Amino acid sequence: MAIRFNHLNLIASPDSRIQQMLANVLGLEIGSRPNFPFKGQWLYQGDKALIHIIEDDIEQECLFGHIAFELDMSLQDLVCKLQQEEIQYNVRQVPDSSIVQVFVRAGDMVFELITSDTLGQQKFATFNQHEELL
């Protein structure tokens, strides 16, 4: 199985300067983002959205949200492995997209595993708010 880094997710306060810092220092640019029901920005290097920022009323300026990897494994195979290991998971779909996300927690870390839906391209719930990721 091959895995590939997809993006890093940060949670930032509305007055955070993290977006400006990442743009000015790393040269990332704000780009398109799916129609999630919560505020945020996706920062791109070329055509790759490397950092996804979710805006929230947190006390700190910026927190780690999750890290995402793309897998060359079917959703069915991934779910089977997670169930065999008795790992809890949450399946969601990116709005207006066929991208399926599987979220798992390991201690304080949240991993988003992006895979293909080979179960007849069924539709999964999308997130109502970003807290559901955690």
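Both backbone and side-chain heavy atoms feed into the values below; hydrogens, waters and symmetry mates do not. Remember, it's a predicted structure, so these values are computed and weren't measured experimentally. We're numbering straight along the sequence, starting at 1.
- The CG atom of D56 sits 9.0 Å away from the CG atom of L63 when rounded to the nearest 0.5 Å.
- Counting heavy atoms from C-beta on, the side chains of I30 and L43 come closer than 4.5 Å.
- Between the CG atom in N24 and the CD atom in Q19 there is a gap of 10.0 Å [rounded to 0.5 Å].
- Here the CD1 atom belonging to I51 is positioned 7.5 Å from the CD1 atom belonging to I18, to the nearest 0.5 angstrom.
- Using cut-offs of 30° and 60° on the angle between ring planes, the pair H7 and W42 is parallel.
- The residue from H66, R92, E112 that alone fulfils the side-chain hydrogen bond (donor to acceptor under 3.5 Å, both in side chains) condition with Q101 is E112.
- E61 and S13 are not linked by any side-chain donor-acceptor pair at a separation below 3.5 angstrom, with hydrogens and angles left out of the test.
- Around atom NZ of K81, no more than 12 heavy atoms belonging to other residues, nucleotides or ligands sit under 6.0 Å away.
- For E70, the side-chain hydrogen bond (donor to acceptor under 3.5 Å, both in side chains) criterion is met by R4, N6, not counting sequence neighbours.
- Within 6.0 Å of CG on D108 lie no more than 12 heavy atoms contributed by other residues, nucleotides or ligands.
- Atom CG of L26 is separated from atom CD of Q45 by 8.5 Å, given to the nearest 0.5 angstrom.
- Within the model, atoms CZ of F36 and CD1 of I54 stand 7.5 Å from one another, a figure rounded to the nearest 0.5 Å.
- A side-chain donor-acceptor contact under 3.5 Å links N9 to the backbone of H52.
- The shortest distance between side-chain heavy atoms of F69 and I114 does not fall below 4.5 Å.
- Identified under the salt bridge (Lys or Arg N to Asp or Glu O under 4.0 Å) test for residues 14-42, with sequence neighbours left out: none.
- A distance of 13.0 Å separates OG in S32 from CD in Q41, rounded to the nearest 0.5 Å.
- Looking at heavy atoms from C-beta onward, V110 lies out of side-chain contact with F64 at the 4.5 angstrom threshold.
- Other residues, nucleotides and ligands contribute at most 12 non-hydrogen atoms within 6.0 Å of the CG atom of N35.
- A 4.5 Å side-chain heavy-atom check between V102 and F111 finds every atom pair outside the cut-off.
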